Amino acid sequence: MKIFLDTANIEHIREAASLGVVDGVTTNPTLISREEGEFEDIVRQICEIVDGPVSAEVVSLDCAGMVEEAKKLVQIHENVVIKIPMTREGVKALKELSELGIRTNCTLIFSSNQALLAAKAGATFVSPFIGRLDDAGQTGMDVVREIMDMYENYAFETEVIVASARHPQHVVESALAGADIITLPFSVFDKLFKHPFTDRGIDSFLADWEKVKNR
Ligand code: E4P
């Protein structure tokens with residue numbers, strides 16, 4: 001399973017990318033609003049750090065506006081993937097952009113039927129928001145499992161990015177569901193490395209090594 005970072009914070013992206021296990025980045029207008037600087041500059045910087053898909057979201061609500069924005073955003077860098085919201089107009093835009101050879105990530109997916117439509121329209125990626133579903137009392141991961149089954153039944157090439165991840169168990173469940181990708185806030189990514197027994201084990205090995213190192 002690929003791991004993307006769900007942030008526009010350059011320091012976090014640089015730090016995580018230096019570990020060699022980051023395959024891409026997703027941003028959205030909220031994540032961009034938390035950082036200093038101009039949207040296109042931030043996206044460019046991210047693309048220069050991570051050699052993989054970097055999602056940048058359109059804000060138009062009509063198909064023509066989305067396509068126009070997409071054409072500009074892809075000029076920033078070859079890594080840019082266009083995030084399109086799951087609406088009727090969005091589905092039309094997905095189709096047009098796929099015919100133009102522009103890669104897309106259909107965002108704000110909350111049901112498997114929405115994911116089916118996005119795949120039929122030629123989306124490169126779909127992003128089911130599992131944490132927000134969990135927050136609303138529905139099991140988000142059930143939707144991911146349904147999408148994986150549907151896509152397998154019909155051999156869709158659209159890849160599933162598990163989005164709105166909140167904790168490490170979401171990573172385990174995504175991998176067990178066979179999701180292609182999970183996108184993680186830096187805080188969740190950081191937690192994947194940690195286990196108290198690992199820290200305790202290192203402390204005791206080093207303490208024991210002190211006893212033998214001068215023999
Ligand atoms: C996905 O690409 C989105 O940026 C993201 O995962 C949204 O998650 P949130 O529910 O934490 O805002």
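These numbers were taken from a predicted model, which means no experiment stands behind them. When a ligand or atom number is given, it counts from 1 through the structure's own listing order. The analysis underlying the following values was restricted to heavy atoms, covering all of them including side chains, and did not include hydrogens, waters or symmetry mates.
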Shortest non-hydrogen contact from Val126 toward Ala123: CG1-CB, 4.5 Å

Derivation of the salt bridge (Lys or Arg N to Asp or Glu O under 4.0 Å) call for Glu68 and Lys72: CA-CA 7 Å; Glu68 197 184 318; Lys72 285 191 190 134; 3.7 Å; yes

Among all protein heavy atoms in this structure, tell me which lies nearest to atom 11 (O) of ligand 1, with the distance rounded to 0.1 Å. Arg166 NH1, 3.0 Å

Residue Thr26 vicinity, atoms of ligand 1 by number, heavy atom under 4.0 Å: 2 (O)

Identify the heavy atoms of Ala177 and Arg145 that sit nearest to each other, and give their distance. CB-CG, 3.9 Å

Please list the nearest protein heavy atom to atom 12 (O) of ligand 1 with its residue and the distance rounded to 0.1 Å. Arg132 NH2, 2.8 Å

Ala163: numbered ligand 1 atoms lying under 4.0 Å from its heavy atoms: 1 (C), 6 (O)

One finds that the ligand 1 atoms under 4.0 Å from a non-hydrogen atom of Phe129 are 1 (C), 3 (C), 7 (C)

Thr27 side-chain N/O to Ser55 backbone N/O, donor-acceptor pair under 3.5 Å: yes

Can you check whether Ile3's main-chain N or O pairs, donor with acceptor, with Asp23's side chain at less than 3.5 Å? yes

Which residue holds the protein heavy atom closest to atom 5 (C) of ligand 1, what is that atom called, and what is the gap in Å? Asp6 OD2, 2.9 Å

Answer whether the closest heavy-atom distance between the side chains of Arg166 and Asp134 falls below 4.5 Å. no

Do any nitrogen or oxygen atoms of Asn28 lie less than 3.5 angstrom from nitrogen or oxygen atoms of ligand 1? yes

Does even one non-hydrogen atom of Thr107 get within less than 4.0 Å of ligand 1? no

Starting from atom 8 (O) of ligand 1, which protein heavy atom do you reach first, and at what distance in Å? Ser164 CA, 3.4 Å

Do me a favour and list the nearest non-hydrogen protein atom to atom 1 (C) of ligand 1 with residue, atom name and distance? Lys83 NZ, 3.3 Å

Does any part of the side chain of Glu89, heavy atoms only, come nearer than 4.5 Å to the side chain of Lys92, both counted from C-beta? yes

